[in-house]
Amino acid sequence: MGKAVKISGVIITFNEERNIERCINSLKPVCDEIVVVDSFSTDRTKEIAQGLGAIFIENKWNGFLDQKNFAQSKASHDYVLQLDADEELSDKLQSEVLRVKNDWKHDGYFFNRYTNFCGKWINHSGWYPDAKLRLYDRRKGLWSGLDPHPGVKMDEDASIGKIKGDILHYSFTSYEDLVNVSASYAKQAAMAMKQMGKRTSNFKMIVSPPVRFLNDYFIKGGFKDGFEGFIICKTSAYYTFLKYMYLKLLNQGKSI
């Protein structure tokens with residue numbers, strides 16, 4: 001038998017009035033506190049979060065990686081469940097987290113993320129299954145990797161489990177959002193890669209995007225998601241091209 005633990009729900013936000021209530025309400029049944037770290041929203045995020053009983057902390061934005069690690073450091077409990085504001089726990093995942101909470105055996109737990117794109121749940125396209133480690137002992141794990149998509153890296157001696165149920169991710173409400181966010185994230189990724197001393201080549205810019213598309217659309221079954229799957233896979237390839245293009249420009253001393 002494992003031990004019963006207390007869990008801190010942690011969320012980072014910026015102008016998330018559309019999503020924050022759903023996210024907080026999904027954490028309430030399983031968390032002993034909810035901490036929201038906000039980068040000075042100008043909408044009703046603060047009002048909504050505090051009205052739902054969350055601890056609200058404002059902190060200057062310095063990228064996803066720094067903000068997520070700062071947020072987990074502000075939790076009262078060492079066992080952390082960290083979500084993005086546009087995510088919520090499914091009913092099944094709530095039940096599984098409660099079970100783990102009362103019988104904690106591992107240092108961290110994976111579960112899948114299920115994404116809704118323009119009103120349609122995406123079952124393939126490199127988007128599902130999308131395993132995320134979001135429930136963990138912060139003494140054994142920190143956020144690591146490249147912005148804008150860091151992940152929790154656990155210590156080498158940490159034990160990892162996987163539980164059933166999905167994070168429900170309400171991602172993009174329009175095709176334009178997908179394209180614009182992908183371009184923005186490509187810039188952030190290129191800047192992070194530049195800081196790490198990474199370089200690229202014309203060959204990589206030419207080859208990597210079609211390889212990404214073929215992998216996501218055919219091998220990972222994006223064609224099964226219909227028109228939405230095609231758009232997602234093409235945009236992922238576009239993101240890959242932009243990331244390496246921006247990196248090349250930065251390494252040439254040009255602005256992006």
Side-chain angles (χ1 to χ4, degrees), residues 1-13 20 22-38 49 53-57 59 62-115 126-169 171 189 192 196:
M1 289 287 292
K3 60 180 179 179
V5 301
K6 289 188 174 182
I7 295 175
S8 293
V10 177
I11 312 163
I12 66 169
T13 58
I20 190 62
R22 179 180 60 219
C23 183
I24 289 174
N25 284 337
S26 81
L27 289 171
K28 278 186 173 182
V30 302
C31 294
D32 298 278
E33 69 168 0
I34 297 172
V35 179
V36 174
V37 173
D38 183 83
I55 299 165
F56 195 86
I57 300 167
N59 188 58
N62 192 33
F64 288 95
L65 179 61
D66 286 353
Q67 195 78 332
K68 284 180 176 291
N69 279 324
F70 175 84
Q72 80 169 39
S73 75
K74 294 302 178 181
S76 299
H77 309 299
D78 287 322
Y79 299 92
V80 171
L81 174 54
Q82 189 158 164
L83 294 184
D84 292 333
D86 61 355
E87 299 172 340
E88 68 171 334
L89 305 180
S90 67
D91 292 343
K92 173 67 173 176
L93 187 52
Q94 283 180 346
S95 298
E96 288 294 299
V97 171
L98 282 174
R99 178 183 62 79
V100 167
K101 179 180 180 178
N102 292 308
D103 187 21
W104 189 275
K105 294 179 179 177
H106 297 287
D107 297 310
Y109 292 89
F110 277 101
F111 28 81
N112 289 329
R113 183 169 70 166
Y114 193 26
T115 297
W127 281 15
Y128 191 84
D130 181 22
K132 300 292 184 186
L133 198 158
R134 298 291 191 79
L135 177 62
Y136 57 98
D137 183 342
R138 67 178 175 186
R139 295 168 296 186
K140 290 290 189 87
L142 279 173
W143 287 80
S144 180
L146 292 173
D147 272 341
H149 299 296
V152 177
K153 182 172 181 168
M154 302 297 291
D155 293 349
E156 288 187 8
D157 64 344
S159 64
I160 308 296
K162 184 167 184 179
I163 58 179
K164 297 178 180 178
D166 296 322
I167 299 173
L168 302 179
H169 179 213
S171 62
M196 296 179 69

*Asks:* Would you give the length of the straight line joining atom NE2 of His169 to atom CZ of Arg113, rounded to the nearest 0.5 angstrom?
*Replies:* 4.5 Å
*Asks:* Measure across Ser171 and Trp127 and return the closest heavy-atom pair with its distance rounded to 0.1 Å.
*Replies:* OG-CZ3, 4.2 Å
*Asks:* Which heavy atom in Ala54 sits nearest to a heavy atom in Ile24, and how many Å separate them?
*Replies:* CB-CD1, 4.1 Å
*Asks:* Kindly indicate whether the side chain of Leu142, heavy atoms from C-beta on, has any atom under 4.5 Å from the side chain of Gln72.
*Replies:* yes
*Asks:* With Val37, which of Asn59, Ile11, Thr13 fulfils side-chain contact (heavy atoms from CB on, under 4.5 Å)?
*Replies:* Asn59
*Asks:* Give the C-alpha distance, both sets of side-chain angles, the deciding distance and a yes or no for side-chain contact (heavy atoms from CB on, under 4.5 Å) between Met196 and Leu146.
*Replies:* CA-CA 9 Å; Met196 296 179 69; Leu146 292 173; 2.9 Å; yes
*Asks:* Does Phe70 form a side-chain contact (heavy atoms from CB on, under 4.5 Å) with Asn62? I'd like the steps, not just the answer.
*Replies:* CA-CA 10 Å; Phe70 175 84; Asn62 192 33; over 6 Å; no
*Asks:* Any donor-acceptor pair under 3.5 Å linking the side chain of Asn69 with the backbone of Trp143?
*Replies:* yes
*Asks:* Check whether any side-chain N or O of Ser8 sits under 3.5 Å from a backbone N or O of His77 as a donor-acceptor pair, and report yes or no.
*Replies:* yes
*Asks:* Please enumerate all residues that pass side-chain contact (heavy atoms from CB on, under 4.5 Å) together with Lys153, with sequence neighbours excluded.
*Replies:* Ser144
*Asks:* Report the distance from atom CZ of Phe110 to atom NZ of Lys132, rounding to the nearest 0.5 Å.
*Replies:* 9.5 Å
*Asks:* Would a distance-only check, ignoring hydrogens and angles, find a side-chain to backbone donor-acceptor pair under 3.5 Å from Asp137 to Arg139?
*Replies:* yes
*Asks:* As an exercise, state the distance from CG of Leu135 to CG of Leu89, rounded to the nearest 0.5 Å.
*Replies:* 9.5 Å
*Asks:* May I ask you to decide if Ile163's main-chain N or O and Arg99's side chain share a donor-acceptor pair within less than 3.5 Å?
*Replies:* no
*Asks:* I need the Lys105 NZ to Lys3 NZ distance, nearest 0.5 Å.
*Replies:* 14.0 Å
*Asks:* Looking at Leu133 and Gly108, what are the two nearest heavy atoms and their distance?
*Replies:* CD2-CA, 4.4 Å
*Asks:* Tell me, please, which residues at least two apart from His106 pass ring-ring contact (aromatic ring centres under 6.0 Å, His included).
*Replies:* Tyr109
*Asks:* Run Asp84 and Phe64 through side-chain contact (heavy atoms from CB on, under 4.5 Å) and show every step you take.
*Replies:* CA-CA 11 Å; Asp84 292 333; Phe64 288 95; 5.9 Å; no
*Asks:* At what distance, to the nearest 0.5 angstrom, does CG of Leu83 lie from CG of Leu27?
*Replies:* 4.5 Å
*Asks:* Can you tell me if Arg134 uses its side chain to pair, donor with acceptor, with the backbone of Gln82 under 3.5 Å?
*Replies:* yes
*Asks:* Test your reading of the model: is there a side-chain donor-acceptor pair from Gln94 to the backbone of Ser26, 3.5 Å cut-off?
*Replies:* yes
*Asks:* Taking Lys140 first and then Asp107, would you say they form a salt bridge - that is, a charged N and a carboxylate O separated by under 4.0 Å?
*Replies:* yes
*Asks:* Indicate the atoms forming the closest heavy-atom contact of Ala49 with Val36, along with that distance.
*Replies:* CB-CG2, 4.2 Å
*Asks:* Which heavy atom of Lys162 sits nearest a heavy atom of Ala131, and at what distance?
*Replies:* NZ-CB, 4.3 Å
*Asks:* Parallel under 30°, tilted from 30 to 60°, perpendicular over 60°: which one fits the rings of Tyr128 and Tyr114?
*Replies:* tilted
*Asks:* Is Lys101 reaching over with its side chain to a backbone N or O of Val30, donor-acceptor style, under 3.5 angstrom?
*Replies:* yes
*Asks:* If you look at every heavy atom in Cys23 and Ala85, which pair is closest and at what distance?
*Replies:* CB-O, 3.5 Å
*Asks:* Can you confirm whether Met154 sits close enough to Tyr136 that some side-chain heavy atom of one is under 4.5 Å from a side-chain heavy atom of the other?
*Replies:* yes
*Asks:* Run the numbers on Asp66 and Asp147 for side-chain contact (heavy atoms from CB on, under 4.5 Å), then give the verdict.
*Replies:* CA-CA 9 Å; Asp66 286 353; Asp147 272 341; over 6 Å; no
*Asks:* Tell me, please, which residues at least two apart from Asn102 pass side-chain contact (heavy atoms from CB on, under 4.5 Å).
*Replies:* Ala4
*Asks:* Judged by atom type as modelled, is there a donor-acceptor pair below 3.5 Å linking the side chain of Ser90 to the main-chain atoms of Asp166?
*Replies:* yes
*Asks:* Calculate, to the nearest 0.5 Å, the distance between atoms CG and CG belonging to Leu98 and Asp103 respectively.
*Replies:* 12.5 Å
